[in-house]
Amino acid sequence: MPASPTSPEAVCYRVLDLGDFQGVRTGFKEDRPELVIHCAALSRSLACQENPAPARKLNVELTARLAELAADVPLIFFSSDLVFDGRLGNYDESERPNPLSVYAETKAAAEQIVLKNPKHTVVRISLNGGTSPRGDRGFNEEMRRAWQAGRTLKLFTDEFRSPMPATITARAIWELVAQKKPGLYHLAGDERLSRWDIGRLIAARWPQLSPRIEPSSRKDYAGPPRPADTSFNCAKIQRLLSFPLPGLSAWLKANPTEPF
């Protein structure tokens with residue numbers, strides 16, 4: 001694993017099918033990585049709810065196997081703010097998870113596996129946005145695609161998260177790696193925003209799409225349970241970082257040309 005994401009070696013990689021664990025094991029033995037950053041997951045909450053078996057296989061079983069392979073090296077596992085039930089908000093690492101959905105249950109279970117090894121780290125994140133290879137992974141991309149298709153988005157005014165650009169998440173992770181202080185951390189934006197607030201910020205970014213949004217409430221939602229407020233207290237990881245974690249509003253204002 002390269003020491004820096006900007007080094008020439010960072011562009012060298014091998015593609016592995018994580019469903020083929022024998023292939024993963026072979027690749028691991030051949031490459032002998034010095035660090036594992038595990039961010040793969042079945043992360044669409046509704047898909048996990050409808051298909052719990054593959055969700056548990058990828059999110060829990062695969063994580064257990066990777067943790068076993070990486071027993072002697074640092075491993076960073078990405079978890080989620082959704083492991084909490086959302087009754088409190090401003091969660092720090094001392095709060096006990098209480099997952100409401102299959103996806104959240106799988107992440108909470110995987111956390112316990114990872115944290116059994118004192119060399120390993122769990123980083124819980126919130127909504128991440130940015131530019132993905134296929135243009136459909138970030139929350140901002142999902143909104144933009146909906147507007148491009150002429151759809152009106154109904155956004156909750158009573159569900160709160162701590163969104164952050166993925167570029168900031170990546171920078172923080174590399175600094176955490178350099179600190180060599182494994183454990184459990186919360187990593188998110190320094191701003192508590194409702195889905196409605198987030199939609200307004202992204203809509204203002206893309207006026208050429210004539211974006212349409214409407215306020216709505218979790219009370220009118222008929223799908224799986226959703227936490228009301230999973231905003232984070234990130235003081236623990238902030239003390240280790242060389243830069244302040246930004247709120248989404250401030251970051252968008254400071255980076256007006258970023259394609260967010």
Side-chain angles (χ1 to χ4, degrees), residues 2 4-7 10-11 37-41 43-45 76-83 89-92 107 121-148 153 155-156 159-179 185-209 211 213 227 229-260:
S4 167
T6 58
S7 66
V11 300
I37 300 178
H38 176 30
C39 50
S43 59
R44 305 290 186 186
S45 188
I76 293 180
F77 170 67
F78 279 78
S79 188
S80 170
D81 57 346
L82 297 180
V83 299
N90 195 37
Y91 289 97
D92 65 19
K107 299 304 277 188
T121 296
V122 169
V123 179
R124 294 177 181 145
I125 61 173
S126 184
L127 290 174
N128 266 238
T131 303
S132 65
R134 295 188 301 181
D136 62 353
R137 296 298 296 170
F139 67 85
N140 59 308
E141 294 176 320
E142 293 178 346
M143 289 182 171
R144 195 163 69 241
R145 286 163 68 96
W147 293 327
Q148 288 169 337
L153 292 177
L155 303 172
F156 300 137
E159 180 180 300
F160 298 89
R161 309 287 292 275
S162 300
M164 191 162 71
T167 52
I168 302 299
T169 298
R171 179 183 177 187
I173 290 296
W174 283 108
E175 290 200 6
L176 182 62
V177 167
Q179 291 280 349
Y185 296 93
H186 287 179
L187 174 59
D190 187 31
E191 187 176 23
R192 174 181 178 269
L193 294 171
S194 70
R195 292 276 185 174
W196 170 249
D197 295 329
I198 295 168
R200 293 178 65 185
L201 288 171
I202 305 304
R205 196 80 162 186
W206 296 94
Q208 66 271 35
L209 299 180
I213 58 175
D229 186 347
T230 57
S231 55
F232 269 172
N233 179 331
C234 299
K236 181 180 177 180
I237 198 170
Q238 182 65 83
R239 289 192 290 268
L240 302 179
L241 300 178
S242 66
F243 64 95
L245 294 170
L248 182 61
S249 299
W251 185 89
L252 289 171
K253 184 176 181 180
N255 298 272
T257 61
E258 286 287 330
F260 195 89

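Taking the side-chain contact (heavy atoms from CB on, under 4.5 Å) definition, one finds that N128 meets it with I125, A166, T169, sequence neighbours left out. Considering only residues two or more places apart in sequence or on other chains, R137 meets the salt bridge (Lys or Arg N to Asp or Glu O under 4.0 Å) condition with none of them. Take A178 and apply the side-chain contact (heavy atoms from CB on, under 4.5 Å) test, not counting sequence neighbours, and it matches no residue. With sequence neighbours left out, the side-chain contact (heavy atoms from CB on, under 4.5 Å) criterion links N233 to N90, D92, A235. For R145, the salt bridge (Lys or Arg N to Asp or Glu O under 4.0 Å) test picks out no residue, with sequence neighbours left out.
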_Stepwise side-chain contact (heavy atoms from CB on, under 4.5 Å) test for R200 and S194_ = CA-CA 10 Å; R200 293 178 65 185; S194 70; over 6 Å; no
Could you check V123 against I76 for side-chain contact (heavy atoms from CB on, under 4.5 Å), going step by step and ending with a plain yes or no? CA-CA 7 Å; V123 179; I76 293 180; 3.9 Å; yes
Could you check S79 against R124 for side chain to side chain donor-acceptor pair (under 3.5 Å), going step by step and ending with a plain yes or no?
-> CA-CA 4 Å; S79 188; R124 294 177 181 145; 4.8 Å; no
Let me check something: any side-chain donor-acceptor pairs from residues 248-260 under 3.5 Å, sequence neighbours excluded? List them with distances.
unit_1	atom_1	unit_2	atom_2	d
S249	OG	E191	OE1	3.2
S249	OG	E191	OE2	2.8
N255	ND2	W251	O	2.9

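Contact check for S162 versus D81: no side-chain heavy atoms found under the 4.5 Å cut-off.
The line from CD1 of I202 to CZ of R144 is 9.0 Å long, rounded to the nearest 0.5 Å. The distance from the CZ atom of F232 to the CE atom of M164 is 10.5 Å, given to the nearest 0.5 Å. Note that the CD1 atom of I213 and the CH2 atom of W196 stand 4.0 Å from one another [nearest 0.5 Å]. Between L153 atom CG and E142 atom CD the span is 9.5 Å, to the nearest 0.5 Å. Atom CZ of R195 sits about 9.0 Å away from atom CZ of F139, to the nearest 0.5 Å. Rounded to the nearest 0.5 angstrom, I237 CD1 and T121 OG1 are separated by 9.0 Å.
Other residues, nucleotides and ligands contribute over 12 non-hydrogen atoms within 6.0 Å of the CZ atom of R205.
The shortest non-hydrogen separation linking P211 to A203 is CG-O, 3.5 Å. Nearest heavy-atom pair across L245 and D190 is O-CB, 3.2 Å. Residues C234 and A188 come closest through the heavy atom pair SG-N, 3.3 Å. Taking all atoms of both residues into account, the shortest heavy-atom contact from P163 to L193 is CG-CD1, 3.8 Å. Of all heavy-atom pairs spanning K107 and V83, the tightest one is CB-CG1, 4.0 Å. The heavy-atom pair separating D229 from R192 by the smallest distance is OD2-NE, 2.8 Å.
Side chain of E175 to main chain of A170: no donor-acceptor pair is present (N/O by atom type, distance under 3.5 Å, no hydrogens or angles).
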